[in-house]
Amino acid sequence: MITKTVNNVTEALEGVKDDMTFMFGGFGLSGIPENSINELVKRNIKNLTCISNNAGVDDFGLGLLLKKNQIKKMISSYVGENAEFERQMLSGELEVDLIPQGTLAERCRAAQNGIPAFYTPAGYGTEVAEGKEVRDFDGKPHVLEEAFEADFAFVKAWKGDTAGNLIFKGTARNFNAVMSGAAKITVAEVEELVEPGELDPNFVHIPGVFVQRIYQGEKYEKRIEKRTVRES
Amino acid sequence: MITKTVNNVTEALEGVKDDMTFMFGGFGLSGIPENSINELVKRNIKNLTCISNNAGVDDFGLGLLLKKNQIKKMISSYVGENAEFERQMLSGELEVDLIPQGTLAERCRAAQNGIPAFYTPAGYGTEVAEGKEVRDFDGKPHVLEEAFEADFAFVKAWKGDTAGNLIFKGTARNFNAVMSGAAKITVAEVEELVEPGELDPNFVHIPGVFVQRIYQGEKYEKRIEKRTVRES
Amino acid sequence: MLDKKGIAQRIAKEVKDGYYVNLGIGIPTLVANFVRDDIDVEFQSENGILGMGPFPTEDEVDADLINAGKQTITARPGASFFDSALSFGMIRGQHIDLTILGAMEVAQDGNIANWKIPGKMVKGMGGAMDLVGSAQNIIVAMMHTNKAGKSKLLSSCTLPLTGVKCVTKVVTNLAVIDIVDGKFKLLERAPGVSVEEIKEATEGELIVDGDIPEMTL
Amino acid sequence: MLDKKGIAQRIAKEVKDGYYVNLGIGIPTLVANFVRDDIDVEFQSENGILGMGPFPTEDEVDADLINAGKQTITARPGASFFDSALSFGMIRGQHIDLTILGAMEVAQDGNIANWKIPGKMVKGMGGAMDLVGSAQNIIVAMMHTNKAGKSKLLSSCTLPLTGVKCVTKVVTNLAVIDIVDGKFKLLERAPGVSVEEIKEATEGELIVDGDIPEMTL
């Protein structure tokens, strides 16, 4: 079995540099690669382009990178409920490329699967489609969108094995699955790292070939943005 | 829970007609929708266009439909080891559209996911690309391929629940997963049909929304094309 | 006049047996509470769940189980989880029967704007552009006028668009309105609201054809 | 001169530690038997498995577990199963390090033909067009001449192509040959085979630069 294990987050992030493009899994704060993000904050590398559906919150997740002005450009679908993100965008400190969430996901998936470009109806007739090729299929206009290119993808899974196989839990799968293998190097952190053979091969969500480095995260805060409960 | 159960293969195939286009899951004989195929043979509908990676063998799977001349056109990637398929093709009795296996899979997946067209490097410079748009991405030529359109998709899963959720086993997942939801109506047959809640939602391969009808197959022969064994 | 709950309650009547439904953030989320319980309906949330259940009890709360509004949720028996590509595949591939979302503006040609006020506010489109770009059955849930009292049902949108010619129905605190042939067509009045009041609150062209019934909830 | 096993054995030396490898039907399948067991290599089969193991014992035979040649196989610990779209995503996305496949013809420009003889025989391309269209490291395993004794290493392919300018190396019963700058470059002779014999069996332009060593297996 080809082994992908690295000993810790320091080894996992070897080679990250100023000016690089990174992908981050997660939706809101659910399933974000907490340990990799915290290490990036510590390393204080700058001028980053970040592809991530959201940008965390003011004091957690990618919000930490934003606050330290490490991010030059965000490629995201949603800003709402992140005051610092909105402030930096409106003030012009931060370049922002807002794109439809499904297009964001599919551009990751395209990179993962070697599809250089595809057509989607999303965004036709809006400013998102400006400057892009539009073509009719079955009489309906579609926009040409291209695969992302990134240096590192940081993803977080529930369980993983040393061969790099990943299993996600609940809705924390989100962008983590489609970003795995979508960058030159994919760094996966997992809550539980097991030996090959412990995961059922029928239920591996992401095969190890898509992952270059895997480590067990030191701790997970797994913060909840909107705790909503009902009476039991 | 929205229920997709039909009582038997007769109900499952309601509406199939001459001249329709069908998708069939399976690779070789592994994971083919045996019960649905046998019922199509029995109904003797004609002039079919069949999208399937292979065409079974002479006396099993789609080979049975071929032998009875029910198929007008095959859209496949591989003919080898199927004498009747090759004979009908070379004699001109059967129209055949041979396309690269990855393109076949991706055109199904495109139909399933509402992507009308995408670019792939496969087939560039070959007769497969004749008449198709070619475009360079990153200096490399790619061929534009479109999503399939089909009336029915017949797929076979290991387990399924009455909500239409599917789980596949081993390499029998193949085209079954990508054809689910890629036609107007998807008919899934399963070895074991269970109640909602019995399948772990983390490990459902195909969500029920992609399946319109589900039934438990009466029996499965699961024939093996090339039994290769080693000494124990 | 309806409150937000009332709007959700009225929209719930549009939800039919066997529907897969995507609910946007805000008023649309409330719709789930009012769907008749003698019909089978499944809710999709685009962050990766089909078969969304009610909010969890304190004991059930799980950071790995949220909806698109980032609220903690539960999964019903028969639910499934999936990645964002397949989730938007469901949407783009028109496997979802009904989409209910909020808006800042809706125009009589079916255009919708709901993600940005240039120079002032940017929420982002999230999954809305994918939803309105593909769905065939789109209901907008919103107040008839904005906080400044200006109509949100316009002859043409002034804000950056989310999608073109896609909205089929609008349910507001004042009325149920269909979009037909590039015009607003008044179908129902909210309880106690007159046709005159609706006309006044609607900047776009409003077709009032015959007697307009008061809605029932 | 090598037999088919010998060709596979020589190619096995090209398989490096940490490689993910796709093996075509025929001679390539045999390569797995000869890979050094002190290196870590994983085999992918495009019908949907990574981490393919040896053939099963009688007891282990499972109709749901086959390779691309439809042979029954086993899965190694750490294996995974996936659908055909993701499988070809691995291939197209260049996640597979080495592709080994058979051919009817290889041309000195790197073109390859292996799926059809017009009017006579059609096997179909299977996954070969996807493999050669994307892989960066493609080794062809084949006999140097066909059954009629005619060279399969040509100045230009005569059969319908599978891919263009893609083959990087050819290992035959007679020689190991690289494709460099649109020419065949002789690297090694099979045991007991002379440079003259190889030249004679090669219709395309063959560069023989200095002394050509006999291969070791």
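Heavy-atom basis, side chains included; hydrogens, waters and symmetry copies ignored. On a predicted model such as this, the values are computed, not experimentally measured, just so you know.
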Do [X] and [Y] have side-chain heavy atoms sitting under 4.5 Å apart?
X	Y	answer
E231(A)	T57(C)	no
E106(A)	F88(C)	no
M129(C)	T103(A)	no

Donor-acceptor contact below 3.5 Å, side chain [X] vs main chain [Y]:
X	Y	result
E86(A)	V122(C)	yes
S77(A)	M125(C)	no
T126(A)	G163(C)	no
R92(C)	G102(A)	yes
S30(A)	A63(C)	yes

*If you count the non-hydrogen atoms of other residues, nucleotides and ligands that lie under 6.0 Å from CZ in F184(C), is the total more than 12?*
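Check passes, neighbour count above 12.
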Residue pair [X] / [Y]: nearest heavy atoms and the distance that separates them:
X	Y	value
P160(C)	E127(A)	CB-OE1, 3.5 Å
T171(A)	I66(C)	OG1-N, 3.0 Å
P121(A)	S134(C)	CG-OG, 3.4 Å
F82(C)	R173(A)	CA-NH1, 3.7 Å
A85(C)	V178(A)	CB-CG1, 3.4 Å

Which bit of [X] comes within less than 4.5 Å of chain A, counting heavy atoms only: side chain, backbone, both or neither?
X	result
T162(C)	backbone
E60(C)	side chain
K116(C)	side chain
S87(C)	neither
N67(C)	backbone
A68(C)	both
I91(C)	neither

*For F81(C), check ring pair (Phe, Tyr, Trp, His ring centres under 6.0 Å) against everything at least two apart and list the hits.*
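F81(C) satisfies ring pair (Phe, Tyr, Trp, His ring centres under 6.0 Å) with no other residue.
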*Could R109(A) and D83(C) be called an ion pair, given the rule that one side-chain N must be under 4.0 Å from one carboxylate O?*
no
